[in-house]
Amino acid sequence: MTDANTTHPAAATGTPPRPQAGEEGRFFGYREIDPTEKASLVQGVFGSVAGKYDLMNDLMSMGVHRLWKDAFVDLVRPRDGEALLDVAGGTGDIAFRLKKQAPGANVTVCDLTESMVRVGRDRGLDGGMLSGIDWTVGNAEDLPFPSRSMDAYTIAFGLRNVTRIDKALAEARRVLKPGGRFFCLEFSHVVIPVLRDIYDGYSFHLLPRLGQMVAGDKDSYQYLVESIRRFPEQQALCRRIEAAGFTGARARNLSGGIACIHSGWRV
């Protein structure tokens, strides 16, 4: 396990402490909810922003999310003939990159929100990338795929939105073949104090306003900002990945910890 060595004091921005492991489903951003409501609330967020999702990603990250995703897929190292599953694959950003690197791979996108899947399929049609990519609506906590059927599992900017992170990790292990690879790209916890202060000011004060201006939806982007602060720190997630049955869990920070790639092997 790598040592991400991060802290993010709640006092810095008045943010509440992160939930205990397994308690994430009780919160939607900073709001406490009935865990049975979370999936539908998440669907509401992404259903609302689906049409502007890719534009907002560019604006929010100033295009850096493209570099993060490139680095992510480079680590996956997809190969022709492999069965690759991209969970929370939304508009296809990861799936298209996987397919470009390994044209002979079989890529499946699975996303909770049907409108996101429709946007991804339309993008694939417009870009001539539909061949060899299957699109499925499904829940990361109850994947509609056979056990030991996938060579690699990817999830990018989706794990923090599931109701039960540990159940989603267990499902990832279930569908992977022995020797299969797990990869998660997610917003994480900034490890550089000065950058952390700048990032907090930007994300809390500017991103929701940007969401209102561009997507007409301030609340969804407020949730996205809050959900990042609720997500486990790098080392905590490594421990939970290994507790789910993976080995060699590692964390690789990107942009000082604004994002992080977690990985592990299914044994």
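Computed from a predicted structure; not experimentally measured.
- Evaluation of the salt bridge (Lys or Arg N to Asp or Glu O under 4.0 Å) test over residues 31-43, restricted to residues two or more places apart or in two chains, returns Arg26-Glu32.
- In this view, Asp219 satisfies the salt bridge (Lys or Arg N to Asp or Glu O under 4.0 Å) rule with no residue, not counting sequence neighbours.
- The side chain to side chain donor-acceptor pair (under 3.5 Å) analysis of residues 258-267, with sequence neighbours excluded, yields no pairs.
- Arg173 contributes no side-chain N or O that, together with a main-chain N or O of Leu169, makes up a donor-acceptor pair within less than 3.5 Å.
- Screening residues 124-143 for salt bridge (Lys or Arg N to Asp or Glu O under 4.0 Å), with sequence neighbours left out, gives Glu141-Arg164.
- Proximity of a side-chain donor or acceptor of Glu226 to a complementary backbone N or O of Tyr30 within less than 3.5 Å is detected.
- Under the rule for a ring-ring contact (aromatic ring centres under 6.0 Å, His included), the partners of Tyr223 that lie at least two apart in sequence or sit in another chain are Phe28.
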List, one per line, each side-chain donor-acceptor pair under 3.5 Å for residues 101-110, sequence neighbours excluded.
| residue | atom | partner | partner atom | Å |
| --- | --- | --- | --- | --- |
| Gln101 | NE2 | Asp74 | OD1 | 2.7 |

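- Partners of Ser115 under the side-chain hydrogen bond (donor to acceptor under 3.5 Å, both in side chains) rule, at least two apart in sequence or in another chain, do not exist in this structure.
- With sequence neighbours excluded, no residue forms a salt bridge (Lys or Arg N to Asp or Glu O under 4.0 Å) with Arg148.
- With sequence neighbours excluded, the residues satisfying ring-ring contact (aromatic ring centres under 6.0 Å, His included) with Phe157 are Phe187.
- Note that CG of Leu41 is 11.0 Å distant from CG of Asn161, once rounded to the nearest 0.5 Å.
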Run Leu237 and Leu159 through side chain to side chain contact (heavy atoms under 4.5 Å, CB included) and show every step you take. CA-CA 11 Å; Leu237 185 56; Leu159 189 60; 4.1 Å; yes

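- Phe72 meets the ring-ring contact (aromatic ring centres under 6.0 Å, His included) test with no other residue; sequence neighbours excluded.
- Proximity of Gln212 to Arg209: side-chain heavy atoms (C-beta onward) are nowhere separated by under 4.5 Å.
- Residues that satisfy the salt bridge (Lys or Arg N to Asp or Glu O under 4.0 Å) test with Lys69, not counting sequence neighbours, are Asp93.
- Residue pairs that meet the salt bridge (Lys or Arg N to Asp or Glu O under 4.0 Å) test with at least one member in residues 153-163, sequence neighbours left out, are Arg160-Glu186.
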